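Working notes, structure below.
Treat the numbers as computed from the prediction; the structure is a model and nothing was measured.
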Amino acid sequence: MQSANVAPPDIELLQAARRHVPEAWDSLLKQHQLPLYAYVVGLLADESAALDVVQETFAAAVRNIASLRDDGRFAAWLFGIAHQKCIQHWRRVRRDQTVFAPESEETAIDWPGPDEVDPRGILLQREQAGEFFALVDRLPSVQRSALLLHVLEDFSLEEIAGITAVPVGTVKSRLHHAKRALRHLVETNLR
């Protein structure tokens with residue numbers, strides 16, 4: 001099953017990319033950059049870092065295109081690279097925070113406060129979407145990743161397992177726990 005947000009692979013385009021034809025890579029970048037960016041920014045919650053990770057992902061894809069065995073799985077392969085780049089980013093950030101953070105510093109989550117809402121009002125749908133994604137951001141990263149890949153990018157459980165390098169059963173479990181936690185967060189915020 002191909003992601004609904006990512007076009008099916010163009011075999012001729014991928015063959016040209018394997019021959020390192022710049023125009024082929026430009027087309028692939030244009031085709032995949034927005035869904036890939038949406039996924040990465042959803043995981044990292046940092047637009048600048050997400051741009052860097054997407055750039056690193058495409059650079060790695062160019063270097064490693066020969067390792068792609070099934071052209072029909074190009075999108076899943078690309079998202080798998082991005083997923084690994086996100087993990088590397090988190091490790092770098094965690095290492096830097098441990099090395100440079102003072103001993104007494106507490107890490108607090110900076111959630112938007114109620115006074116940060118535009119007083120002129122925002123369309124209800126957009127506001128609800130923002131609240132929903134704020135709740136999604138509160139999920140553990142492994143659950144958030146599985147949920148974003150499945151719901152937003154419409155990847156199958158098998159494709160998510162390949163992207164995240166875990167068994168399908170683990171993906172199912174993460175989705176189950178993500179949905180349950182999200183339901184709890186929604187119910188808590190409605191009170």
Side-chain angles (χ1 to χ4, degrees), residues 1-10 13-14 17-18 24-25 27-98 109 132-182:
M1 174 181 183
Q2 183 65 37
S3 167
N5 296 326
V6 180
D10 179 341
L13 192 59
L14 287 170
R18 278 192 175 88
W25 280 109
S27 293
L28 288 170
L29 172 65
K30 287 176 186 169
Q31 194 175 51
H32 296 281
Q33 68 184 355
L34 188 56
L36 197 60
Y37 174 77
Y39 171 66
V40 172
V41 80
L43 281 181
L44 300 180
D46 179 340
E47 292 179 10
S48 177
L51 289 171
D52 291 343
V53 166
V54 170
Q55 185 176 9
E56 291 171 17
T57 298
F58 273 97
V62 169
R63 283 190 311 274
N64 298 301
I65 188 69
S67 70
L68 176 63
R69 303 212 190 296
D70 179 1
D71 289 351
R73 296 189 38 80
F74 177 76
W77 177 75
L78 192 62
F79 274 75
I81 294 171
H83 186 81
Q84 292 304 313
K85 295 292 179 187
C86 287
I87 291 170
Q88 291 170 2
H89 172 79
W90 287 324
R91 287 178 181 152
R92 260 192 320 270
V93 168
R94 192 172 346 126
R95 184 180 61 239
D96 291 347
Q97 287 175 344
T98 338
I109 299 174
F132 174 75
F133 282 107
L135 294 176
V136 170
D137 285 344
R138 294 171 65 181
L139 295 173
S141 61
V142 294
Q143 293 176 6
R144 187 171 61 240
S145 172
L147 191 68
L148 290 172
L149 285 169
H150 190 64
V151 175
L152 289 184
E153 300 304 331
D154 199 32
F155 281 110
S156 69
L157 297 177
E158 293 78 16
E159 288 173 319
I160 296 169
I163 290 168
T164 58
V166 298
V168 173
T170 302
V171 172
K172 288 179 184 179
S173 174
R174 288 176 179 176
L175 281 172
H176 170 76
H177 290 293
K179 290 174 184 177
R180 191 175 74 198
L182 199 54

Could you state the interatomic distance from [atom1] ([X]) to [atom2] ([Y]), rounded to the nearest 0.5 Å?
{"X": "Arg92", "Y": "Lys85", "atom1": "CZ", "atom2": "NZ", "answer": "8.0 Å"}
{"X": "Arg73", "Y": "Leu78", "atom1": "CZ", "atom2": "CG", "answer": "12.5 Å"}
{"X": "His32", "Y": "Ser27", "atom1": "NE2", "atom2": "OG", "answer": "10.0 Å"}
{"X": "Ile160", "Y": "Lys172", "atom1": "CD1", "atom2": "NZ", "answer": "11.5 Å"}

Check [X] against [Y] and note the closest heavy-atom contact, atom names and distance.
{"X": "Gln143", "Y": "Arg174", "value": "CG-O, 3.7 Å"}
{"X": "Leu149", "Y": "Ile163", "value": "CD1-CG2, 3.9 Å"}
{"X": "Leu139", "Y": "Ala178", "value": "CD2-O, 4.0 Å"}
{"X": "Pro167", "Y": "Ala161", "value": "C-CB, 4.1 Å"}
{"X": "Tyr37", "Y": "Val54", "value": "CA-CG2, 3.7 Å"}

Pair Leu175-Leu157, side chain to side chain contact (heavy atoms under 4.5 Å, CB included): steps then yes or no: CA-CA 9 Å; Leu175 281 172; Leu157 297 177; 3.3 Å; yes
Donor-acceptor pairs under 3.5 Å, side chain of residues 39-51 to any protein atom, not counting sequence neighbours: which ones?
residue : atom : partner : partner atom : Å
Tyr39   : OH   : His83   : ND1          : 2.8
Tyr39   : OH   : Ser145  : OG           : 2.7
Asp46   : OD1  : Ser48   : N            : 3.1
Asp46   : OD1  : Ala49   : N            : 3.1

Taking the side chain as every heavy atom from C-beta outward, state whether Glu159 and Phe79 have any atom pair closer than 4.5 Å. no
Trp25: ring-ring contact (aromatic ring centres under 6.0 Å, His included) partners, not counting sequence neighbours: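 Listed in chain order: nothing, the list is empty.
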Please step through side chain to side chain contact (heavy atoms under 4.5 Å, CB included) for the pair Leu28 and Gln31, ending with a clear verdict. CA-CA 5 Å; Leu28 288 170; Gln31 194 175 51; 3.8 Å; yes
Pair up each side-chain donor or acceptor in residues 57-69 with any protein partner under 3.5 Å, not counting sequence neighbours, and list the distances.
residue : atom : partner : partner atom : Å
Thr57   : OG1  : Val53   : O            : 2.7
Arg63   : NH1  : Ala59   : O            : 3.4
Asn64   : ND2  : Ala60   : O            : 2.9
Ser67   : OG   : Asn64   : O            : 2.7

Would you find more than 12 non-hydrogen atoms of other residues, nucleotides or ligands less than 6.0 Å from Gln88 atom CD? yes
Side chain His150, main chain Phe155, donor-acceptor under 3.5 Å: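 Checked: pair present.
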